[in-house]
Amino acid sequence: VMNLAGASDDDCKDRNEEQPAERRDLDHEEWEVVSEHLVEGEDGKDGSMEDSDSKEWEQGDCCDGDSKAKRVVAVPPMFQNIHVSFRVHYITHSEAQLIGVTGDHECLGQWHSYIPLRCDKDGFWSESISLPADTRVEWKFILVENGKVRRWEECSNRTLVTEHEDQIVHQWWGCH
């Protein structure tokens with residue numbers, strides 16, 4: 001990531017990287033880990049919603065036939081990232097010029113920095129960027145010369161809604 005003054009910035013990390021987890025020994029009981037949304041959405045046996053923080057299986061209630069008592073702990077779902085390939089056709093006029101992409105998401109510089117694109121064949125510029133799934137971002141291509149933004153796309157902000165699969169965003173400069 002390059003800030004709009006041209007300095008390098010590595011603030012946006014892949015959210016799929018595992019964070020070290022604390023290990024706690026809780027009375028040597030067996031815990032069953034389930035997704036948070038599964039526990040919150042389950043109805044109790046009598047049709048009422050059970051509190052996911054206090055849900056505890058009694059001995060013999062385990063559906064897998066295990067006679068040991070199990071406790072259920074809800075964990076938030078892991079972030080899922082996808083790769084979005086930004087691609088645009090633009091003919092630059094000097095070696096000091098390049099095309100970048102910026103936007104309102106931290107992975108796109110939050111409008112204060114940019115991601116430089118690589119020059120491909122025949123005036124195409126592209127780069128693959130990791131973005132979180134199920135996220136709406138606004139973005140634009142920019143012309144950068146000697147590390148400074150010289151031109152923003154003249155069109156309104158572009159909108160991208162990421163889904164669960166990698167995407168290619170191929171655009172013409174200034175056209176929606």
Side-chain angles (χ1 to χ4, degrees), residues 1-24 31 33-41 52-53 73-176:
V1 176
M2 302 293 290
N3 69 26
L4 293 183
S8 181
D9 185 14
D10 286 329
D11 288 340
C12 188
K13 300 279 188 227
D14 187 357
R15 294 177 187 242
N16 282 331
E17 293 178 11
E18 290 188 29
Q19 300 295 325
E22 285 186 30
R23 294 186 62 127
R24 293 185 179 150
W31 287 80
V33 178
V34 296
S35 176
E36 184 175 50
H37 70 276
L38 290 176
V39 172
E40 289 178 4
S52 64
D53 292 332
V73 61
V75 294
M78 288 183 59
F79 290 106
Q80 178 185 357
N81 284 0
I82 62 160
H83 293 280
V84 177
S85 295
F86 291 89
R87 190 165 191 242
V88 65
H89 185 266
Y90 192 96
I91 304 295
T92 56
H93 298 290
S94 77
E95 294 291 320
Q97 292 181 331
L98 64 90
I99 301 300
V101 64
T102 187
D104 65 352
H105 192 274
E106 65 184 335
C107 293
L108 295 176
Q110 295 181 320
W111 301 116
H112 299 293
S113 59
Y114 64 92
I115 307 294
L117 304 183
R118 291 170 301 157
C119 186
D120 296 333
K121 295 181 188 178
D122 303 324
F124 283 95
W125 295 80
S126 65
E127 185 62 52
S128 180
I129 300 169
S130 182
L131 291 170
D134 297 321
T135 302
R136 181 186 181 277
V137 295
E138 290 189 18
W139 60 280
K140 279 190 175 193
F141 291 116
I142 54 175
L143 173 67
V144 178
E145 186 172 9
N146 294 321
K148 295 182 182 175
V149 176
R150 296 293 181 207
R151 182 177 174 196
W152 291 74
E153 279 189 287
E154 294 80 14
C155 61
S156 58
N157 293 348
R158 298 177 184 275
T159 302
L160 169 68
V161 178
T162 62
E163 294 178 0
H164 293 276
E165 296 194 17
D166 293 351
Q167 295 176 259
I168 297 175
V169 180
H170 179 87
Q171 303 290 332
W172 296 102
W173 182 276
C175 298
H176 278 278

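Side chains are part of it too, since the values below use all heavy atoms of this structure and drop only hydrogens, waters and symmetry mates. Just so you know, these numbers come straight off a predicted model, no measurement behind them.
Rounding to the nearest 0.5 Å places NE2 of H112 at 8.5 Å from OG1 of T102. Atom CD1 in I91 sits 8.0 Å away from atom SG in C119 (nearest 0.5 Å). The line from OG of S130 to CD of Q80 is 10.0 Å long, rounded to the nearest 0.5 Å. To the nearest 0.5 Å, the span separating CG on D122 from NE2 on H89 amounts to 7.0 Å. If you take CZ on R118 and CG on D120, they are separated by 6.0 Å, rounding to the nearest 0.5 Å. In this structure, the separation between CD1 on I129 and CG on N81 is 12.0 Å, given to the nearest 0.5 Å.
When all heavy atoms of C107 and I115 are compared, the closest pair comes out as O-CD1, 3.5 Å. Heavy-atom minimum distance, E163 versus I82: O-CG2, 3.8 Å.
Annotation: salt bridge (charged side-chain N to carboxylate O under 4.0 Å, His left out) contacts of E165 (sequence neighbours excluded): none.
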What side-chain donor-acceptor pairs closer than 3.5 Å can you find for residues 135-143, not counting sequence neighbours?
{"unit_1": "T135", "atom_1": "OG1", "unit_2": "P132", "atom_2": "O", "d": "3.2"}
{"unit_1": "T135", "atom_1": "OG1", "unit_2": "A133", "atom_2": "O", "d": "3.1"}
{"unit_1": "R136", "atom_1": "NH1", "unit_2": "E138", "atom_2": "OE2", "d": "3.4"}
{"unit_1": "E138", "atom_1": "OE1", "unit_2": "N157", "atom_2": "ND2", "d": "2.9"}
{"unit_1": "K140", "atom_1": "NZ", "unit_2": "E153", "atom_2": "O", "d": "3.2"}
{"unit_1": "K140", "atom_1": "NZ", "unit_2": "C155", "atom_2": "O", "d": "2.6"}

Practice item. Would you please test H105 and L131 for side chain to side chain contact (heavy atoms under 4.5 Å, CB included) and show each step? Key: CA-CA 9 Å; H105 192 274; L131 291 170; 4.1 Å; yes
Under the side chain to side chain contact (heavy atoms under 4.5 Å, CB included) rule, what do Q167 and L160 come out as? Steps first, then yes or no, please. CA-CA 10 Å; Q167 295 176 259; L160 169 68; 3.7 Å; yes
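For the ring-ring contact (aromatic ring centres under 6.0 Å, His included) with W173, the qualifying choice from W125, F124, W152, Y90 is Y90, the only one to do so.
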